Amino acid sequence: MIHADWILTNAIVLTMDDEFNLYEPGAVVVSGDSILAVGRQEEIQNAYQAENLLDCQGKILMPGLINAHTHVPMTLLRGLADDLRLDVWLMGYMMPVEREFVSPEFVRLGTKLACAESIRTGVTTFVDMYYFEHDIAEATAEAGLRAICSQTVLKFPTPDAASYEESLAAAEDFIKIWKDHPLIVPSVAPHAPYTCTDEIFFACTQLAQKYDVPLHTHIAETSNEVENIRKEFGMPVVPYVRKRGIFDAKVIAAHCVHIDEGEMRTIKNAGAGVAHNPSSNLKLASGFANVTRMLELGLNVGIGTDGPASNNDLDMIEEIRLASMIAKCVSGDPTALPARQTLAMATSMGAKAIHLDHLIGSLVVGKRADMILIGIDELHNSPNFKHNPDGIYAQVIYAAKSTDVSDVMVNGRWLMRDRDLLTLDERQLILEARSYAKEIDAFLIKRERSVLSKLIAIGGAMEEESFEVQSKVRINNPDAIIKALEKEAIDVEYTRHYREYDTYFFFEDESEGRLRYREDEFINREGKVTQVRSRLTLVGVSSEDTFEHDVVLSRSRYYAPATHSLRFYREYFAPVREIDIEKNRLRFKIQYKGTDFYINIDTLINPDLGHFLEVKSRTWGREDAIRKSNTIQELIEYLGASSEMAETQDYIEIVQAYFSSR
Ligand SMILES: CSC[C@H]1O[C@@H](n2cnc3c(O)ncnc32)[C@H](O)[C@@H]1O
Ligand SMILES: [Zn+2]
């Protein structure tokens with residue numbers, strides 16, 4: 001007789017090995033952290049003895065589920081922002097909140113919550129990507145779960161690094177510390193093509209190769225990402241990241257929703273794995289990954305929940321069911337992604353996708369003892385039929401619930417027995433999470449109250465350093481003004497030609513001011529657009545002051561480069577009303593009597609409201625402003641326009657007045 005630590009008997013053993021061997025009644029023998037034997041109960045009982053025997057009461061005994069892509073600490077952000085598009089959700093809510101709250105303490109608590117939830121749903125391994133990954137690894141190892149922990153690198157500052165160089169250095173230190181841990185596989189995560197530079201991709205690849213660890217990234221999650229990469233670099237996402245070297249490493253590519261067959265072949269030939277995230281893709285309306293085709297082409301595809309803030313849970317039992325259902329519906333073929341193949345995605349094939357199939361994914365002698373028991377006698381999973389050998393897989397995929405997972409073992413250690421968590425105090429964790437939620441709520445309530453604080457949250461807004469004095473007059477003949485600029489007292493420093501497209505957002509509370517999204521097209525002498533620049537300007541509703549002759553001291557303004565689309569800002573700021581204005585602008589920077597002025601000769605095209613002469617100058621003090629306002633009036637007359645026709649209104653006010661007079 002061979003001696004072992006545990007013998008588990010009276011089970012329906014789904015080995016998920018290459019032949020899909022199934023034993024009923026079956027038994028599994030565990031010695032230390034590994035599987036010593038798997039087979040028919042009678043044979044096992046004749047050959048092995050152990051101190052610990054477990055009667056599995058006819059339950060399914062199978063490899064633990066592998067969550068191939070997640071962000072575990074985001075349990076603390078669950079339900080924070082929903083029903084949004086990925087960019088608004090991520091850049092408008094998650095990242096600003098993460099910048100404010102994510103700390104080692106935050107990720108430890110979030111990870112413990114996630115571990116509790118994961119164990120309850122039968123997960124024995126997850127693949128994480130977040131910040132402070134060292135703390136995540138420690139919390140995970142303490143809970144007893146297995147994980148690939150990927151330290152994130154982004155092109156902008158993150159909660160754990162002021163620069164990408166710092167993140168890379170942290171990633172290397174982290175990998176060195178955890179490289180030979182029995183439960184934790186450290187890895188590096190260049191977050192996504194839209195948040196990483198070429199240097200980041202190259203450096204992360206080098207790091208992953210140097211230590212032979214996986215490289216974990218998001219690829220082609222939304223059509224928006226694909227369009228942008230195609231627009232900017234003239235190719236789809238997979239060739240784009242291939243050119244940045246990533247496939248020289250062992251890649252775990254999350255999402256891959258919008259990839260074509262050529263891209264699938266690239267992934268396959270690179271030996272990279274795909275992590276399919278059905279719930280997250282559905283909820284963020286990212287689209288449907290063509291998993292059926294990926295599997296036909298021989299790709300290794302695992303299944304992930306993605307973060308609990310975009311899902312909103314870590315329930316892998318729900319995820320496997322969805323994966324199968326969606327594949328059927330999208331392909332119009334109910335035979336697509338059958339139950340057995342789907343379960344393989346969450347076990348044996350999932351292990352290949354995350355490059356850990358030498359250790360986990362199937363109940364095979366020598367592999368780690370990562371196993372779960374699933375009951376099949378509850379109301380929602382009764383009765384059981386035996387005529388179809390694949391019926392048992394269907395019971396797991398289509399009928400089982402997380403609550404049917406009764407026992408979980410990782411690395412030969414029990415983490416849950418009879419639904420009792422042995423390594424975590426979930427009641428205590430829930431209480432701690434509540435107190436975090438209160439703080440985050442208070443932060444968001446305050447931020448959502450003001451347009452300015454919302455603007456600051458998504459990348460900062462700077463207050464205009466100086467004020468402007470300005471005046472505007474209607475003119476009939478722009479050519480006459482252009483001619484007058486040749487007059488003796490005027491020195492023209494430069495001339496610019498723009499086409500300006502403005503969208504003004506108005507808010508319920510008018511005292512918030514109005515937000516202008518402006519796209520400036522720079523037009524050259526040949527009339528061609530040479531450059532486009534986008535800016536956001538938050539303008540207060542009232543001017544700081546007015547002087548004689550309808551010269552205005554400008555309103556307080558906050559501005560920021562517009563790095564997102566107009567659609568993004570519309571969804572993020574949710575204005576109650578919008579007005580578009582299009583104008584042609586000839587701008588001259590001149591000197592008149594020793595003072596710098598900007599002269600704008602504007603033609604309002606949409607709505608068609610004719611021509612205006614606008615004269616502006618920067619000012620720093622009240623005395624200076626008064627002096628310049630007198631000169632502006634003089635300059636208007638000198639250019640042949642009538643300062644009698646001066647307007648104190650901004651263009652938006654002129655346009656509003658026009659619309660309300662119609
Ligand atoms: C350190 S994880 C990096 C970053 O990823 C964010 N995130 C969570 N889920 C997704 C997703 O589905 N696509 C892109 N980015 C995601 C998370 O909020 C972290 O800031
Ligand atoms: Zn993700």
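All values reported here derive from a predicted model rather than from experimental measurement. Counting starts at 1 for both ligands and their atoms, following the listed order.
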How are the rings of [X] and [Y] set to each other: parallel, tilted or perpendicular (split at 30° and 60°)?
X	Y	answer
His218	His255	parallel
Trp178	His181	tilted
Phe507	Phe505	perpendicular
Phe106	Tyr130	parallel

### Message
With carbon and hydrogen excluded and only N/O/S kept, which atom of Asp306 is nearest the Zn ion (ligand 2)?
### Response
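Relative to the Zn ion (ligand 2), the closest nitrogen, oxygen or sulfur of Asp306 carries the name OD1.
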### Query
With the Zn ion (ligand 2) as the point of reference, which N/O/S atom of His71 is the closest?
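Of all N, O or S atoms in His71, the Zn ion (ligand 2) lies closest to NE2.
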Within a distance under 4.0 Å of any heavy atom of [X], pick out the atoms of ligand 1 and give their elements.
X	answer
Glu98	17 (C), 18 (O), 19 (C), 20 (O)
Tyr130	1 (C), 2 (S)
Met95	20 (O)
Asp306	9 (N), 11 (C), 12 (O)
Glu221	11 (C), 12 (O), 13 (N), 14 (C)
Thr152	1 (C), 2 (S)
His255	12 (O)
Met94	18 (O)

### Task
Using the side chain to side chain donor-acceptor pair (under 3.5 Å) rule, pick out the option among Thr121, Asp315, Asn67 that qualifies with Thr305.
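Passing option: Asn67.
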### Task
With Asn311 as reference, evaluate Glu319, His71, Arg78 under the side chain to side chain donor-acceptor pair (under 3.5 Å) test and give the passing residue.
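Result for side chain to side chain donor-acceptor pair (under 3.5 Å) with Asn311: Glu319.
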How does [X] reach ligand 1, by side chain, by backbone, by both or by neither, if only non-hydrogen atoms under 4.0 Å count?
X	value
Tyr194	side chain
Asn277	neither
Trp89	side chain

With a 4.0 Å cut-off, would you call [X] and [Y] a salt bridge?
X	Y	value
Asp333	Lys328	no
Glu571	Arg567	yes
Glu227	Arg230	no
Arg533	Glu519	no
Asp83	Lys283	no

### From CG (Asn224) to NE2 (His564), nearest 0.5 Å
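The CG atom of Asn224 sits 11.0 Å away from the NE2 atom of His564.
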Do any nitrogen or oxygen atoms of [X] come within less than 3.5 Å of a nitrogen or oxygen of ligand 1?
X	value
His71	yes
His191	yes
Ser280	no
Ser310	no

### Protein heavy-atom partner closest to atom 2 (S) of ligand 1 - residue, atom, separation in Å
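Going atom by atom, the protein heavy atom closest to atom 2 (S) of ligand 1 ends up being Met129 O, 3.1 Å.
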### Message
Considering non-hydrogen atoms of the protein only, which is the closest contact for atom 6 (C) of ligand 1, and what is the distance?
### Response
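Here the nearest protein heavy atom works out to Leu90 CD1, 3.4 Å.
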### Task
Would you verify whether the NZ or CZ of Lys454 falls within 45 degrees of the ring axis of Tyr572 while also being under 6.0 Å from that six-membered ring's centre?
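That pair qualifies as a cation-pi contact.
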### Angular separation of NE2 (His69) and NE2 (His218) seen from the Zn ion (ligand 2), to 10°
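Vertex at the Zn ion (ligand 2): approximately 90°.
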### Query
Does at least one non-hydrogen atom of Leu86 fall below 4.0 angstrom from an atom of ligand 1?
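For ligand 1, residue contact (heavy atoms, under 4.0 Å) with Leu86 is present.
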